[in-house]
Trainee: 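Shown below is the structure under consideration.
One is the number of the first residue; the rest follow in order along the sequence. Worth knowing before you read on, the calculation uses all heavy atoms, side chains too, and leaves out hydrogens, waters and symmetry mates. Just so we're clear, the structure is a prediction, and the values are computed from it rather than from any experiment.
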Amino acid sequence: MTVSSEVTGKYTVGAVMCPYRLVLEHVTSRWGVLVLIELLDRPYRFSELRRAIGTVSEKMLTQTLQTLERDGLVHRDAKPVIPPRVDYSLTDLGREAAEQVRALALWTEARMGEVEKAREVYDAAKGRG
């Protein structure tokens, strides 16, 4: 059975507007993965999180955090002080998702040599570089 034909609960995984698919896209997006993994360690202020991740723009980080907050994975704690202080942390649901994402990241790191070999074999067979 392929992913596109599986049915999980009441949602069809391959359906374009399936909520399951949208959450999967949010969690596994380029910045979603990095935000979730960073927040596993501790809560961060916005600027700290941006520095920890690296090349993400302020706009993309803001959008990613809002999306993950809407999905119930990230908690935004705005403290009523001057200057304003906002901390981001994982919810219990977010911690569970982040642990899964980190496991995939660790697997990728451990298997990168095999991936690179496979790419070389593929490229050689296709007459590339």
Trainee: Please determine whether the number of non-hydrogen atoms from other residues, nucleotides or ligands lying under 6.0 Å from atom NZ of Lys126 exceeds 12.
Mentor: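 Not buried by this count: 12 neighbours or fewer within 6.0 Å.
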Trainee: Is any side-chain heavy atom of Thr91 closer than 4.5 Å to one of Arg95?
Mentor: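 No, their side chains stay 4.5 Å or more apart.
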Trainee: A side-chain contact here means heavy atoms from C-beta on lying under 4.5 Å apart; do Glu99 and Leu40 qualify?
Mentor: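 They are in side-chain contact.
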Trainee: Can you tell me how far CD of Glu38 sits from CG of Asp41, rounded to the nearest 0.5 angstrom?
Mentor: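 One gets 6.0 Å once the value is rounded to the nearest 0.5 Å.
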Trainee: Restricting to non-hydrogen atoms, name the atom on Ala105 and the atom on Ile37 that form the minimum distance, rounded to 0.1 Å.
Mentor: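 Nearest heavy atoms, Ala105 then Ile37: CB-CD1, 3.9 Å.
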Trainee: The criterion is salt bridge (charged side-chain N to carboxylate O under 4.0 Å, His left out); which residues satisfy it with Arg85, sequence neighbours excluded?
Mentor: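 Checked Arg85 against salt bridge (charged side-chain N to carboxylate O under 4.0 Å, His left out); matches are Asp87.
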Trainee: Would you check if Val86 and Arg76 make a side-chain contact, meaning some heavy-atom pair closer than 4.5 Å?
Mentor: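 Yes - at least one pair of side-chain heavy atoms lies under 4.5 Å apart.
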Trainee: Using a 4.5 Å cut-off on heavy atoms from C-beta on, say whether the side chain of Glu58 contacts that of Arg50.
Mentor: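 Heavy-atom side-chain distance check passes, below 4.5 Å.
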Trainee: Among the clusters formed by ILVMFWY side chains lying less than 4.5 Å apart, do Val74 and Leu22 turn up in the same one?
Mentor: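 No.
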Trainee: What residue among Leu36, Leu73, Thr67 forms side-chain contact (heavy atoms from CB on, under 4.5 Å) with His26?
Mentor: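 It is Thr67; the other options fail the test.
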Trainee: Between Thr64 and Trp31 (side chain of the first, backbone of the second, donor and acceptor by atom type, cut-off under 3.5 Å), is there such a pair?
Mentor: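 Pair absent, no side-chain N/O of Thr64 close to backbone of Trp31.
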Trainee: Roughly how far apart are Gln66 CD and Arg70 CZ, rounded to 0.5 Å?
Mentor: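 Reported value, rounded in 0.5 Å steps: 11.0 Å.
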Trainee: Got a sec: does the CD of Gln63 have more than 12 other heavy atoms crowding it under 6.0 Å?
Mentor: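 Yes, enclosed.
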Trainee: Using 0.5 Å steps for rounding, measure from the CG atom of Leu24 to the OG atom of Ser29.
Mentor: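 It comes to 10.0 Å.
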Trainee: Between Arg42 and Glu48 (salt bridge meaning N to carboxylate O under 4.0 Å), is one present in this structure?
Mentor: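 Salt bridge flag = yes for Glu48 with Arg42.
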Trainee: Salt-bridged, Glu114 to Arg111, with N to O below 4.0 Å?
Mentor: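 Yes, this pair counts.
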Trainee: Taking the side chain as everything from C-beta on, heavy atoms only, tell me whether Val27 gets closer than 4.5 Å to Val33.
Mentor: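 Result no, sub-4.5 Å side-chain heavy-atom pair not found.
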Trainee: Any heavy-atom pair between the side chains of Trp107 and Leu104 that's under 4.5 Å?
Mentor: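 In short, these two side chains touch, coming nearer than 4.5 Å.
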Trainee: Testing Val35, Leu65, Asp77 one by one against Tyr88 for a side-chain contact (heavy atoms from CB on, under 4.5 Å), which residue passes?
Mentor: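 Between Tyr88 and the candidates, side-chain contact (heavy atoms from CB on, under 4.5 Å) is satisfied uniquely by Leu65.
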Trainee: What distance do Arg128 atom CZ and Arg119 atom CZ have between them, rounded to the nearest 0.5 Å?
Mentor: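 Result: 11.5 Å between the selected atoms.
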Trainee: Using side-chain heavy atoms (C-beta onward) and a distance below 4.5 Å, is Val56 in contact with Leu34?
Mentor: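 Not in contact.
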